[in-house]
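What you see below is based on every heavy atom in this structure, not just the backbone, and it leaves out hydrogens, waters and symmetry mates. Chain letters run A, B, ... following the sequence lines, proteins first, then strands; residues in each count from 1.
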2 protein chains.
Amino acid sequence: MLSKKTKYGLKALTYLASQKENTPVQIAEISEKENISQKFLESILLSLRKSGFLGSKKGKGGGYYLIKYPKEILMTDVMRILEGPIAMVPCVSLNFYEKCDDCPDEATCSVNKLMLMVRDANLDVYRNNTLADLII
Amino acid sequence: MLSKKTKYGLKALTYLASQKENTPVQIAEISEKENISQKFLESILLSLRKSGFLGSKKGKGGGYYLIKYPKEILMTDVMRILEGPIAMVPCVSLNFYEKCDDCPDEATCSVNKLMLMVRDANLDVYRNNTLADLII
DNA sequence: TTATTATCCTATAGATTTAGTAGATTGATA
DNA sequence: TATCAATCTACTAAATCTATAGGATAATAA
């Protein structure tokens, strides 16, 4: 299952990307328009800012705004921040590799074999889609 | 993340599929060879039996065995039983469709659009792999 | 300088899911 | 009958998810 965090994060990014001008948009506006709990959205936008997708401005006229063009924001990067590793098991993860402690040999592991194919299929989707591609 | 249930279930199925003869194999043997908690494996094998992948036999010489050829066991079916829906959001699920209550229109939803592509990519993998393909 | 606005930050709480355990029961075999 | 192994029910511990609360900080405007 996709977490609500990821779902809300994607919706917020899309909302920002579809603004005519790239001026700050307040959390309150996004949360209202996209039906997202404001406090929860707050923490999501904060983490998106800390990972370099968003800029922010405090005080009146403040809010969040994209600091890259939607075309330059890859889904691989967004998903890794919001949802975590793209691989479903650490032993096939490119960025978060870890050996399974219960598995004696990856080369003969059926789970490894299947999840490697799944990872590649997912990567293919995320690498070939940017935030711009999600706007309808 | 892939649940341990799915991981263990896949390992158990592969273990059964790689037996020379299709005679019953005891839970204890599988749990030992694959490093799986026996009691947990018990419940996993039970659900695989109830969903028509395995047969079982009680008493001496009893155990679990495949009731189909590995070649005939599609990963789509296995994954749906062990892990649940293949889609990451209900609104793009083929077998477990549900409308999102917070989303006014699927046709203009960015999450829907992305997750539809992800679902198709995953389905493609699971549909084109059987249990036989996982044996190394 | 003061009031207002809106993000920033820490801590916490409730609900759900996951992973595993305990123990009694049922049925098959020798 | 004794033994073996699956079946079934119930329970628990831990982790994760989805928030919520409330104050701190910074920018702007009067």
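Between the base of dC4(D) and the side chain of Q26(B) there is no donor-acceptor pair shorter than 3.5 Å. The base of dT26(C) lies close enough to the side chain of K58(B) for a donor and an acceptor atom to sit less than 3.5 Å apart.
As judged by a 4.0 angstrom heavy-atom cut-off over every strand, K7(A) is placed among residues making no nucleic acid contact. Looking at heavy-atom distances under 4.0 Å, K39(A) makes contact with a base. Counting non-hydrogen atoms under 4.0 angstrom, I27(B) reaches the backbone sugars and phosphates but no base.
Residue S37(B) places at least one side-chain N or O under 4.0 Å from the OP1 or OP2 atom of dT21(C). The side chain of K60(A) places no N or O atom within less than 4.0 Å of a non-bridging phosphate oxygen (OP1 or OP2) of dA26(D). Dashed line: the shortest gap from a side-chain N or O of Y8(A) to OP1 or OP2 of dT18(D) is not under 4.0 Å. One finds a side-chain N or O of S56(A) lying less than 4.0 angstrom from the OP1 or OP2 phosphate oxygen of dC8(C). Taking only side-chain nitrogens and oxygens, K50(A) comes nearer than 4.0 Å to OP1 or OP2 of dC9(C).
Here the C1' atom of nucleotide dT18(C) and the CZ atom of F40(B) are 7 Å apart, to the nearest Å. The separation between L16(B) atom CG and dA6(D) atom C1' is 14 Å, rounded to whole Å. Regarding N35(A), its CG atom lies at a distance of 16 Å from the C1' atom of dT18(D), rounded to whole Å. Put simply, CG on L41(A) is 9 Å from P on dT7(C), counting in whole angstrom units. Straight-line distance from the CG atom of L46(A) to the C1' atom of dA11(C): 15 Å, rounded to whole Å. Between the CD atom of E83(B) and the P atom of dT17(C) there is a distance of 14 Å, rounded to whole Å. Atom CD of E42(A) is separated from atom P of dT10(C) by 13 Å (rounded to the nearest Å). Nucleotide dG23(C) holds its P atom 15 Å from the CD atom of Q38(B), rounded to whole Å.
D124(B) contributes no side-chain N or O that, together with a main-chain N or O of D120(B), makes up a donor-acceptor pair within less than 3.5 Å. Judged purely by atom type and a 3.5 angstrom limit, N129(B) has no side-chain atom pairing as donor or acceptor with the backbone of M75(B). With N122(B) contributing its side chain and A87(B) its backbone, the two residues share no donor-acceptor pair below 3.5 Å.
The two residues N22(B) and L66(B) come nearest to each other via the heavy atoms ND2-O, 2.8 Å.
Where K5(A) and L45(B) meet DNA chain D, the nucleotide closest to each residue was compared, and L45(B) sits on the side nearer the 5' end.
Note that CD of E83(A) is 12.0 Å distant from NZ of K7(A), once rounded to the nearest 0.5 Å.
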